[in-house]
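So the structure is just underneath, and the comments pick up after that.
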Amino acid sequence: MASQKKDKINSKHIEFLNLAFEQAKINLGSTKTNPSVGCVVEKNGSIISSGCTSFNGYPHAEFNALNKNLNFKNSNIYITLEPCTHYGKTPPCTNIIIRKKPKNVYYSLDDFDERTTKKAKTLLIKKNIKVNKNLLKNKALDFYESYQSKHINKLPLLDAKIALSNDFFTIHKEKKWITNQYSRSIGHLLRSRYECIITTSETLNKDNAILNCRIKGLENKTPDLIIVDRKLKIKKTLSIFKNEQISRKIIIFTYSNNLKRLPNFFKKNNIKLYGITKNKNEKKEIISIIEILKKRGYTRLFVEAGLKFISFLIKEKIIKYLYIFKSNIRLNSKGKNNFSVNYIKNIKLKNKQNVFLFGDKLFKEKIR
C-alpha cells in the first residue's frame, strides 16, 4: 500500500514538472544567453501560478511565477532547471523563492553555469525548504543540450528539416511546396525555437525564400539568418534584402578573398560578412562556421537548405536531429531531385511526432 502511495506522489510531481517544461517551450530559442526555463507553482492540488523565462532572457521564470500577490506559503514549486543563486542582471531567483516560503522545490537538472551549479539545494535547505532534484533528468538533459554546449567544449545544437513527397522527391515541378499548409505552419513553429537559420546562397537564389516566422503572434521570434555563400554569388534582388525583412541579423560566410566585394551593398543592408579559409575538407569549413557562431553566442541552430547540403550534414553526422515532413502524395513524373536522396532514404523513419497534419506526417530522427 505504501508503495502505491509513493508511486502516486511521484506521478503527481512528474505531471507538474512536465507542465513546467511546457512553459519552458514558450520562449525556447528566444532567451539569448539565458536558458529557457519553466516554473509551475502548485498548492493543495491546484496550480496557482506559472511562468517562463521572458523574451530576451529577463526576468527569469521563477520571478515571473512568484512575483504576484498570492499566498505561496507551503506551496510546491516545480522548475525545469536549478534556480540561479548568483547576481547578474537580476537578483538570484533563490531570493524570491525564499521570501515566498514554499514547502518544497522540485527541479530536473543542476545548472551548467559554475556560478550556480549545485548551490541552490544547500541554500534552500538552510531556509527550511525541502529540495528534490533530478526528476525527469533525461528529458532535461535533452531539452538543455544547447544550453549545456555553451558551458563545455562542445559545438552548438544543430538540427535541420526537409520536406519530401511520399515517393521521396524534394521538388514539385509544378508547385512551390511539397507538403500542405499544416506542415508549413509547424515548420514556422520550429523556426521560432531556434536562434538562427542556416541556409545556402544556392537555396535562396533558387527559391527566393524569406525563412521567417509567419505565425501570428510569433513574428518577433524570427531567427537570425546565416548564409553559406563561399563564392559570394547571392542575388542582390532577393526578398530577404527588402526593407521590411532586414531588421533581423543577416550573416554571410564567404571565402576571405571576397570580403572587400560590394561593401556599399552589404553596409547599406547591415549585413555582416565573415571570411572562411578555403579547405579541401568541406566538413572543416562547416565546423569553422559553427565555431564562429558559437563565439557569437548562438547555441541553437536550424538548417533549412537544399537536398545536397542536408545530405552532406547527414553524411558527416553534423546534424543532431532531422525533422522530416513527409507528404502522403506521390509525385511520380511531377517530382524531381537535384541530388541523390539516398542519405534520406537510409534513415529509418521510426519517431513519428504526435501532431495531426491532415495527411502529412512529421518525423524527428536522431542522426548522431
Side-chain angles (χ1 to χ4, degrees), residues 29 32 149-150 154-162 170-171 191 194-213 222-320 337-340 343:
K32 291 194 172 178
S149 72
K150 176 187 166 188
K154 186 178 179 182
L155 291 175
L157 176 70
L158 183 73
D159 295 336
K161 83 170 181 71
I162 196 165
T170 59
I171 299 171
R191 287 175 186 168
Y194 292 83
E195 297 159 348
C196 66
I197 293 174
I198 299 178
T199 191
T200 66
S201 57
E202 183 179 355
T203 296
L204 291 174
N205 287 342
K206 183 179 69 174
D207 298 339
N208 194 21
I210 299 174
L211 298 177
N212 60 356
C213 185
T222 291
D224 294 341
L225 185 61
I226 313 300
I227 305 167
V228 179
D229 186 11
R230 294 175 176 87
K231 297 181 180 180
L232 209 57
K233 289 188 174 182
I234 195 158
K235 295 177 181 177
K236 311 308 178 292
T237 56
L238 293 176
S239 296
I240 57 167
F241 298 134
K242 292 181 180 178
N243 291 333
E244 65 269 22
Q245 302 298 335
I246 59 176
S247 58
R248 72 201 294 196
K249 289 182 182 177
I250 299 177
I251 298 173
I252 296 178
F253 285 90
T254 187
Y255 287 142
S256 297
N257 62 325
N258 293 321
L259 291 179
K260 294 182 179 180
R261 289 178 55 195
L262 302 170
N264 292 334
F265 173 81
F266 294 114
K267 184 177 181 180
K268 175 185 174 183
N269 290 290
N270 199 26
I271 298 165
K272 179 70 176 178
L273 263 66
Y274 274 95
I276 55 173
T277 303
K278 191 172 184 178
N279 196 313
K280 290 182 179 179
N281 187 325
E282 187 178 355
K283 182 177 181 179
K284 288 184 178 180
E285 284 187 0
I286 298 301
I287 294 298
S288 71
I289 290 172
I290 296 171
E291 287 173 341
I292 291 172
L293 292 173
K294 180 178 180 179
K295 289 178 182 177
R296 287 185 59 90
Y298 294 102
T299 59
R300 297 181 60 81
L301 321 178
F302 195 52
V303 177
E304 294 193 53
L307 180 59
K308 183 179 180 180
F309 191 62
I310 295 287
S311 295
F312 167 78
L313 298 177
I314 295 170
K315 174 189 172 185
E316 299 296 342
K317 296 189 181 298
I318 298 174
I319 296 172
K320 180 64 182 289
N337 291 315
N338 291 333
F339 191 77
S340 172
Y343 286 107

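Along the sequence shown, residues are numbered consecutively beginning with 1. What you see is a predicted model; the values in this text were computed from it and never measured.
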Checklist entry - Does Y255 have any ring pair (Phe, Tyr, Trp, His ring centres under 6.0 Å) partners at least two apart in sequence or in another chain, and if so, which? => result none
Please examine the side chains of [Y] and [X], heavy atoms only from C-beta on, and report whether any two atoms are closer than 4.5 Å.
X: I319; Y: I314; result: yes
X: N205; Y: L238; result: yes
X: P156; Y: I290; result: yes

List the residues meeting side chain to side chain contact (heavy atoms under 4.5 Å, CB included) with [X], not counting sequence neighbours, and say none if there are none.
X: N338; result: I171, K206, K336
X: S311; result: L307, F339, Y343
X: I251; result: I226, F253, K272, Y274, R296, Y298
X: N264; result: none

Checklist entry - Listed by chain and number, what are the salt bridge (Lys or Arg N to Asp or Glu O under 4.0 Å) partners of K154, not counting sequence neighbours? => result E145
Item to check | E285: partners by salt bridge (Lys or Arg N to Asp or Glu O under 4.0 Å), with sequence neighbours left out | outcome: R230
Which atom of [X] lies closest to which atom of [Y], heavy atoms considered:
X: P223; Y: R248; value: O-NH2, 2.9 Å
X: C213; Y: T222; value: N-OG1, 2.9 Å
X: N208; Y: S239; value: OD1-N, 2.9 Å

Item to check | side chain to side chain contact (heavy atoms under 4.5 Å, CB included) assessment of L155 paired with I287 | outcome: CA-CA 8 Å; L155 291 175; I287 294 298; 3.6 Å; yes
Going by the rule side-chain hydrogen bond (donor to acceptor under 3.5 Å, both in side chains), which residues pair with [X] if we only count those two or more places apart in sequence or in a different chain?
X: S256; answer: none
X: T203; answer: T200
X: T254; answer: N258
X: T199; answer: none

Next on the checklist: Students often mix this up, so state it plainly: with edges at 30° and 60°, are the rings of F265 and F241 parallel, tilted or perpendicular?
Outcome noted: perpendicular
I need the [X] [atom1] to [Y] [atom2] distance, nearest 0.5 Å.
X: D159; Y: I318; atom1: CG; atom2: CD1; result: 13.0 Å
X: I289; Y: I227; atom1: CD1; atom2: CD1; result: 11.5 Å
X: I234; Y: S201; atom1: CD1; atom2: OG; result: 6.0 Å
X: L204; Y: L211; atom1: CG; atom2: CG; result: 6.0 Å
X: I252; Y: L273; atom1: CD1; atom2: CG; result: 5.5 Å
X: L293; Y: E291; atom1: CG; atom2: CD; result: 10.0 Å

Checklist entry - Would I197 and V303 count as a side chain to side chain contact (heavy atoms under 4.5 Å, CB included) if you check the C-alpha gap in whole Å, the side-chain angles of each, and the deciding distance to 0.1 Å? => result CA-CA 6 Å; I197 293 174; V303 177; over 6 Å; no
Item to check | K236 atom NZ, over 12 foreign heavy atoms within 6.0 Å | outcome: yes
Checklist entry - Are the side chain of N279 and the backbone N or O of N281 linked by a donor-acceptor pair below 3.5 Å? => result yes
Item to check | Backbone of S149 reached by a side-chain donor or acceptor of K294 within 3.5 Å | outcome: yes
Checklist outcome for this item: Residue pairs meeting salt bridge (Lys or Arg N to Asp or Glu O under 4.0 Å), one or both in residues 298-308, sequence neighbours left out, come to K161-E304, R191-E304
Next on the checklist: Which residue in the set K32, E195, K150 passes side chain to side chain donor-acceptor pair (under 3.5 Å) when paired with T299?
Outcome noted: E195
Item to check | Test log, rule side chain to side chain contact (heavy atoms under 4.5 Å, CB included), inputs I198 and F302 | outcome: CA-CA 6 Å; I198 299 178; F302 195 52; over 6 Å; no
